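What you are looking at is a predicted structure, and each value in this text was computed from that prediction instead of being measured. Below, each value reflects all heavy atoms present in this structure, side chains not excepted, and no hydrogens, waters or symmetry copies. Naming: A, B, ... by sequence-line order, numbering from 1 per chain.
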Amino acid sequence: MLRTHTCGELRLSNKEREVTLCGWVQKSRDLGGMTFIDIRDRYGITQLVFNMKTDAGLCNKARKIGREYVISATGTVKERSNKNLNISTGEIEIMVKELKVLNPSEVPPFTIEEKTDGGEELRMKYRYLDLRRNPMKNNIILRYEMAREVRKYLDSIGFIEIETPVLIKSTPEGARDFVVPSRLKAGEFYALPQSPQTFKQLLMISGFDKYFQIVKCFRDEDFRSDRQPEFTQIDCEMSFVERDDILETFEGLAKHLFKKIKKFDYEGTFPRLPYVEVIEKYGTDKPDTRFEMLVQDITELAKGKGFKIFDSVEYIGGICAKGGAGYSRKQLDALTDFVRKPQIGANGLVYVKLNSDGTVKSSVDKFFSREDLNKWAEKMNGVTGDVLLILAGERTKTLFALSKLRLEMGKQLKLMDKDTFAPLWIVDFPLLEWDEENQRYHAMHHPFTSARKDDHHLFATDPGKIRANAYDLVINGVEIGGGSIRIHDKQEQAEMFRHLGFTKEEAEKQFGFLMNAFQYGAPPHGGIAFGFDRWVALFGGSNSIRDYMAFPKNTAGRDIMIDTPSLLSDEQLKELSLKVVNK
RNA sequence: GGUGGCGUAGUUCAGUUGGUUUAGAAUGCCGGCCUGUCACGCCGGAGGUCGCGAGUUCGAGUCUCGUCGUCACCGCCA
């Protein structure tokens, strides 16, 4: 070993010990007669001290050392005369006898400090330098600790981790695949998995009744701060279970992580809300339940009073912002602009202020009596000091806009505390979703999801109404995971493909291997997959998963550090029987 | 695919209605001084293809168009 200790561990109790430290130069302070160097590694920072009087040659050497040089320093642990109680090693320093430069460093392109001066792109290009910074380092450690706790917990209840292949087969459903050309079979391609879905089902058929895997998945769609081309799932599957067994098992996992990572015990069980109810109450299927502010339907109360806009719409609903009566005209106008943004899509905003002096002021006073407005307030649980914010229009669109407005108000009224965690299960998702573009149904979760038994009769009459045995785990408005009880019967699976518009031949070609397997004793099974990066980001207090991946890609799917995607040589293309067509 | 923001010293940014000699600030960097600093201090210095390309104009960092890069949102993401 080149070192006897790390830069984070020496204390007063080590006084007078002869030690050797290795690390990077955080900063040096040259005072002329003496020089201080802060040496940093993963564990902390320790101050080295050089004195002109003691050893002029060594001190001069120290003065020449720049930021981020890798050095080793041997010397004696001394008590500081001027202590720095802000850092854990601040009571001691190393009186250096021997100093080695293990490797010099160029001046880094941004400062490697708690708060860097570097912009996002630059930090990405020099990711290895950014990762030296404490906040980034801690994110990566958090990620590791969560992965470790996931493995510990699942292991403790009998799950085993099994790897599945990365070079698999492209399938038509779902997201676009990343593909890999085959050299040995010209014109043929592998695909990278969007998830190990079919493999984990096959493992159930093999008898591995409790499987999990922390695994990379790949989806070639457009990227966001919470979506990367390659991301990590905690992929899980169990046999001989029903929905509630899965929910209980993985609620246990979530509670384990809350306890071990966030140090709090979640009391009771997570709320479970059916999809239709959650849409009605929050306008979205991934509600942030850290705060109430439920959406209320006032269509019946507000229609037929002569206000044309309301009379002509399908749905009128609103939220009650507690303590919002103090909102100024300007603030309410800003909210109106907010909901009218094309991404939100509302036409306008009606407000009703329940003023603290007992008066009621609304933007529709002309059309509604005080009594009418009181009824709205009652329905929406509004009391003196609140403001009611009301949108009207087509039901689905209006609920969507209300969900965005609710989040905005939650933000403005500071109801979204980073250290509060509000999990819930959304259950009874629709099995099928009508796809206008292709004029057919597609699976809302995936085509292996089973329908609830009590809804099977709807296949013939109203497929859009069928509820699936599917569920999502949502925490603080973030979709953390989702899964379903799967189909394990060949006939039923074939039927599902038929409803999704596959011909028998297509289904056979794409998923024949799975349906064949169903003929050899497939156990009832189901599972769930969690977006590991999102979960880590949530616990880390951010919504950008990039900050929790060691080497992420940008929103264009580019790794600007290694500069890829990149061109292949003509030789490589030829070997792969590929020709690039310039668009 | 669509909408919008941003692009000016190494870095983060300012730069007024298009017009004042040499495009500024902070920080970083380099040199000098300094024996208890820890955001060290003081003095001095270097550092610019104003993303790129056209255009408008007597004159463009500033206006227009295109293009590239980047970020956010919509679509998309079973």
Reckon [X] has a side-chain N or O less than 4.0 Å from the OP1 or OP2 of [N]?
X	N	answer
A:Ser81	B:G36	no
A:Arg546	B:A72	yes
A:Arg67	B:C29	yes
A:Lys341	B:U3	no
A:Lys83	B:G36	no

Length of the [atom1]-[atom2] vector between [X] and [N], whole Å:
X	N	atom1	atom2	answer
A:Ile37	B:G36	CD1	C1'	15 Å
A:Glu121	B:U12	CD	C1'	14 Å
A:Arg29	B:A39	CZ	C1'	10 Å
A:Asp30	B:U37	CG	P	15 Å

Counterpart base for [N], defined by Watson-Crick or G-U wobble contacts under 3.5 Å:
N	result
B:G4	B:C71
B:C42	B:G32
B:A25	B:U12
B:G19	B:C58

With sugar-phosphate meaning primed atoms plus P, OP1 and OP2, does [X] contact a base, only sugar-phosphate, or nothing at under 4.0 Å between heavy atoms?
X	result
A:Ser225	sugar-phosphate
A:Glu114	nothing
A:Pro447	base
A:Asp220	nothing

What's the gap between [N] and [M] when it is taken at their [atom1] atoms, as a whole Å value?
N	M	atom1	answer
B:C58	B:G47	C1'	33 Å
B:G75	B:G4	C1'	15 Å
B:G61	B:U67	P	23 Å
B:C63	B:C43	C1'	44 Å
B:C33	B:C68	C1'	48 Å
B:G36	B:G44	P	23 Å

Measure the spacing between OG1 of A:Thr232 and CD of A:Gln228 and express it to the nearest 0.5 Å. 10.0 Å
As an exercise, state the distance from NZ of A:Lys341 to OG1 of A:Thr336, rounded to the nearest 0.5 Å.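 Reported value, rounded in 0.5 Å steps: 13.0 Å.
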Go through [options] for me and flag the one nearest to the [X] side chain.
X	options	result
A:Leu122	B:U11, B:G75, B:G69	B:U11
A:Arg224	B:C76, B:G36, B:U37	B:C76
A:Asp38	B:U70, B:C38, B:C77	B:C38
A:Asn554	B:C34, B:C71, B:C74	B:C71
A:Lys27	B:C77, B:C40, B:C71	B:C40
A:Asp117	B:C34, B:U12, B:C73	B:U12
A:Phe36	B:G36, B:G10, B:C40	B:G36

With hydrogens left out and only the distance checked, is there a donor-acceptor pair under 3.5 Å joining [X]'s side chain and the base of [N]?
X	N	answer
A:Arg227	B:C76	yes
A:Glu93	B:G36	yes
A:Arg219	B:C76	no

Ion pair check, [X] and [Y], cut-off under 4.0 Å:
X	Y	result
A:Asp435	A:Arg440	no
A:Arg467	A:Asp455	yes
A:Lys509	A:Glu506	no
A:Glu79	A:Lys15	yes

Parallel, tilted or perpendicular: which describes the rings of [X] and [Y], with under 30° parallel and over 60° perpendicular?
X	Y	answer
A:Tyr275	A:Phe429	tilted
A:Phe250	A:Phe530	tilted
A:Tyr441	A:Trp434	perpendicular
A:Tyr128	A:Tyr126	perpendicular

Using a cut-off of strictly less than 4.0 Å between a heavy atom of the residue and any atom of RNA chain B, enumerate the qualifying residues of residues 558-565 of chain A by number. A:Arg558, A:Ile560
Contacting residues from residues 42-53 of chain A, given that a heavy atom lies under 4.0 angstrom of RNA chain B: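 Those residues are A:Gln47, A:Asn51, A:Lys53.
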Identified side chain to side chain donor-acceptor pair (under 3.5 Å) partner of A:Asp38 from the options A:Arg29, A:Gln26, A:Lys27: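 Only match with A:Asp38 under side chain to side chain donor-acceptor pair (under 3.5 Å): A:Arg29.
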Apply the side chain to side chain donor-acceptor pair (under 3.5 Å) test between A:Arg486 and each candidate in A:Gln201, A:His446, A:Gln493; give the one that qualifies. A:His446
5′-ward residue of the pair A:Gly66/A:Glu221 relative to RNA chain B: A:Gly66
For A:Phe448 and for A:Asn82, locate the closest nucleotide of RNA chain B by heavy-atom distance; then report the residue assigned to the nucleotide nearer the 5' terminus.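 Nearer the 5' end of the strand: A:Asn82.
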